[in-house]
Amino acid sequence: MSFVLEAPHFRLLEGLRLAPRKTMAGRVRGERLTRRKGISIEFADYRDYVDGDDLRHLDWNVLARLQSPVIKTYQDEEDLAAHLLLDCSLSMGFGEPTKFEVARRIACAVGYISLCGQDAAFPRALGRRQEPMAALRGRVGYHRLAAWASEAVADSKRGIAETLREFAVSTARPGLAVVISDGLDPSIGAAIRLLGGRGHEVGFVQILSREELDPDIEGDLRLLDVETESMVEITATGHALREYRSRLAEHCQSIAEECRRVGGRYLRTTNGDSLETFLRDGLKRGGWVTS
């Protein structure tokens, strides 16, 4: 399964825009209305004229009718910082296709939507020692985004919670932080709270394999944690598998609740879902994007 977007995918993504719930302070003029007063075509309010104001924004009709000079103010237009946070931990290499392959394709899809909306896309491979990329803007930035995704590998032995905390306390400006991960870390809840507390709007995309959701195993087994290299022996009985599914469901629910608690969103998908299904049933239905 190739993670690089193909022609049919681009047609599905065209016309979509990210729909964050928060208003973020931008760095350059973009296409998003904010609560700050500025100059755009979207009228915000009136205020009294003071010396030095631009006379072009004087309301001459009010002046002629009431003999009172007032200035029209407008909502400013800014860019959104869209942080694409790709989990590069070893656990992402599980499944067929691997969760990491799916994650890279989702990162490219969300990134392309942000670029088409004139947002500032910041790709970051969590768990890898590399300098953060400069902001990507406009459709031309997609080629660099795809190159970044093609070079990323799931080889980190560091858990997603640790690397997500590092991003949260970095100098990255607040924005929409789209975390693309399997979320299989018991400390992930605290990392999400920290991310939200630093001013980011969290969008958590959890990718699980079909085998993780419904394992087809039985008998005496020895399981290895690829990140910690710890080993545990189990007997896969029907009761044990039911207990496993229950605990996994509780863990996923806890991630969703932490996201909602900080004003973010949560979405779960599997390595068997197509990008079309992810867009239709996930991003669109969940309000992550708008047309």
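Heavy atoms only: backbone and side chains are in, while hydrogens, waters and symmetry mates are out.
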Check the pair Arg158 / Ser89 against side chain to side chain contact (heavy atoms under 4.5 Å, CB included), numbers first and verdict last. CA-CA 6 Å; Arg158 304 170 67 206; Ser89 59; over 6 Å; no
Side chains of His200 and Phe167: closer than 4.5 Å at any heavy-atom pair? yes
Whether the side chain of Arg104 engages the backbone of Ala152 through a donor-acceptor N/O pair (distance < 3.5 Å, no angle test) should be reported. yes
What's the verdict on salt bridge (charged side-chain N to carboxylate O under 4.0 Å, His left out) for Arg17 and Asp119, showing C-alpha distance, side-chain angles and the deciding distance? CA-CA 9 Å; Arg17 296 292 182 270; Asp119 297 322; over 6 Å; no
Correct closest heavy-atom pair for Leu86 and Ala103 would be CD1-CB, 3.5 Å
By ring-ring contact (aromatic ring centres under 6.0 Å, His included) - contacts of Phe278 (at least two apart): none
Distance-minimising heavy-atom pair for Arg198 and Pro174: O-CG, 4.0 Å
Could you tell me if the side chain of Thr98 sits less than 4.5 Å from the side chain of Met92, heavy atoms only? no
Not counting sequence neighbours, list each pair that qualifies as a salt bridge (Lys or Arg N to Asp or Glu O under 4.0 Å) and has a residue in residues 177-188. Lys99-Asp182
Measure across Trp288 and Gly282 and return the closest heavy-atom pair with its distance rounded to 0.1 Å. CD1-O, 4.1 Å
Which heavy atom of Ala177 sits nearest to which heavy atom of Leu195, and what is that distance? CB-CD2, 3.9 Å
Salt bridge present between Arg247 and Glu243 (N-O < 4.0 angstrom): yes
Contact check, side chains of Leu184 and Leu208, non-hydrogen atoms, under 4.5 Å: yes
Between Asp59 (side chain only) and Asn61 (backbone N and O only), is there a donor and an acceptor less than 3.5 Å apart? yes
Shortest non-hydrogen pair, Ser291 vs Leu16, comes out as OG-CD2, 3.9 Å
So the salt bridge (Lys or Arg N to Asp or Glu O under 4.0 Å) pairs with at least one residue in residues 231-241 (sequence neighbours excluded) are Arg222-Glu233
Is the backbone of Gly264 close enough, under 3.5 Å, to the side chain of Arg21 for a donor and an acceptor to pair up by distance? yes
Given Leu126, Ile207, Thr269, the one that forms side chain to side chain contact (heavy atoms under 4.5 Å, CB included) with Ile180: Ile207
Without swapping roles, check the side chain of Glu201 against the backbone of Lys22 for a donor-acceptor pair under 3.5 Å. yes
So, taking the atom named CD in Glu166 and the one named CD in Glu162, what distance separates them when rounded to the nearest 0.5 Å? 5.5 Å
Evaluate the side-chain proximity of Val178 to Ile106: yes if any heavy-atom separation is below 4.5 Å, no if none is. no
Residue pair Ala121 / Pro123: nearest heavy atoms and the distance that separates them: O-CD, 3.5 Å
Can you tell if the side chain of Val289 reaches within under 4.5 Å of the side chain of Lys284, non-hydrogen atoms only? yes
Ser254: partners by side chain to side chain donor-acceptor pair (under 3.5 Å), with sequence neighbours left out: none
Quickly, which of Ser187, Ser91, Ser181 forms a side chain to side chain contact (heavy atoms under 4.5 Å, CB included) with Ile160? Name it, please. Ser181
State, with a plain yes or no, whether a side-chain heavy atom of Leu12 is found less than 4.5 Å away from one of Arg280. no
For Phe10, all residues meeting ring-ring contact (aromatic ring centres under 6.0 Å, His included), sequence neighbours excluded: Tyr112, Tyr142
Can you tell which of His251, Arg193, Gln206, Glu258 makes a side chain to side chain contact (heavy atoms under 4.5 Å, CB included) with Ile188? His251
If you define the side chain from C-beta out and look only at heavy atoms, does anything of Leu145 sit under 4.5 Å from Leu84? yes
Between Glu14 and Arg139, does any NZ, NE, NH1 or NH2 come within less than 4.0 Å of an OD or OE carboxylate oxygen? yes
Do any N or O atoms from the side chain of Tyr244 and from the backbone of Glu212 form a donor-acceptor pair under 3.5 angstrom? yes
Restricting to pairs with a member in residues 82-94, which pass salt bridge (Lys or Arg N to Asp or Glu O under 4.0 Å), not counting sequence neighbours? none
Donor-acceptor contact present, side-chain Thr270 to main-chain Gly272, <3.5 Å: yes
Nearest 0.5 Å please: distance from the CG atom of Leu279 over to the CD atom of Glu276. 7.5 Å
Hey, does Leu5 have a side-chain heavy atom less than 4.5 Å from the side chain of Leu13? yes
Does the Arg265 side chain pair with the main chain of Gly287, one donor and one acceptor, at a distance under 3.5 Å? yes
Straight-line distance of Glu101 CD to Glu96 CD, nearest 0.5 Å: 6.5 Å
